[in-house]
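See structure below.
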Amino acid sequence: MKFYIDTANVDEIREAAGLGLLDGVTTNPSLMAREAGRGKTFHQILAEICELVDGPISAEAVSMDFGGLMKEGRELVSIHKNIVVKVPITIDGLKAVKALKEEGIRTNVTLVFSPMQALLAAKAGAFLLSPFVGRLDDVSHNGMETVAQIVQIYRNYNFDTQVLVASVRHPIHVLEAATMGADVVTMPFKVISQLVKHPLTDVGIERFLKDWEKVKK
Ligand code: G3P
């Protein structure tokens, strides 16, 4: 399973990349807005991220019409070859996914909340598909059940589109994604840190270090 980090913060990306676990990055307009005070443009931040991680870097297009999505998509990939254009699941979005693919531009279909949206995105030729599990959980709909249905549908028809579990809030989302065979999970830095931790590891280290003091060296 591939690990992406879900942030536009270059310090967090640098630290996560240092762990050697990072396969890519996802950003969105809200994550970009958090970096607005640092004096860098959207394009500068993306270029910096592409230098830090050699893998797919998702950057979101914000146009709502086909022409605007095409223009934005072409501009975004001109920043770096690793950019994947995030496109919301709409009628114009689907048209853009197909047309961008014909130009060799990869897309990440985002704001996906149902298996049928996922089926349409795969048929249009999306490279990545982002179901938002945390936001589904927030409205009392089990987000990971939706992911399981999507994974099953993609397997049934051998779609190439990769399922990228997004809006991840805690390690159980990651565990379930791995169990059901999702291709990618994108996580905030906090969740990556939580995956490392176990209280019994901390207790074990403390006990070993204490006992080591008694050993004749
Ligand atoms: O990048 C998209 C997604 O991961 C957003 O997560 O926490 O805003 O629902 P969240």
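As the structure lists them, so they are numbered: ligands from 1, and atoms in each ligand from 1. In what follows, residues are counted from 1 in the order of the sequence shown.
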For ligand 1, which atoms, with element, lie under 4.0 Å from some heavy atom of [X]?
X	result
Ala166	4 (O)
Lys86	1 (O), 2 (C)
Asn28	1 (O), 2 (C), 5 (C)
Arg169	7 (O), 9 (O), 10 (P)

Measure the acute angle between the ring planes of His173 and His170, then classify it against the limits of 30° and 60° as parallel, tilted or perpendicular.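 Ring orientation of His173 relative to His170: parallel.
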Considering all heavy atoms, the nearest Met32-Ala8 contact: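 Looking at all heavy atoms of both residues, the shortest contact is SD-CB, 4.0 Å.
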Search all heavy atoms of Ile153 against all heavy atoms of Met116 and return the closest pair with its distance.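 Taking Ile153 first and Met116 second, the nearest heavy atoms are CD1-CE, 4.1 Å.
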Straight-line distance of Trp212 CH2 to Ile205 CD1, nearest 0.5 Å: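 These two atoms lie 15.0 Å from each other.
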What's the shortest distance from [atom] to any protein heavy atom, and which residue and atom give it?
atom	result
atom 4 (O) of ligand 1	Asp6 OD2, 2.5 Å
atom 6 (O) of ligand 1	Ser167 CA, 3.3 Å
atom 8 (O) of ligand 1	Arg135 NH2, 2.8 Å

Could you walk me through whether Thr26 and Thr186 satisfy the side chain to side chain donor-acceptor pair (under 3.5 Å) test, starting with their C-alpha distance in whole Å, then the side-chain angles of each, then the deciding distance to 0.1 Å, before giving a yes or no? CA-CA 7 Å; Thr26 49; Thr186 189; 2.5 Å; yes
Is there a donor-acceptor pair closer than 3.5 Å between any side-chain N or O of Asp23 and the backbone N or O of Phe3?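 Yes, the answer is positive, given that a donor and an acceptor are paired below the 3.5 Å cut-off.
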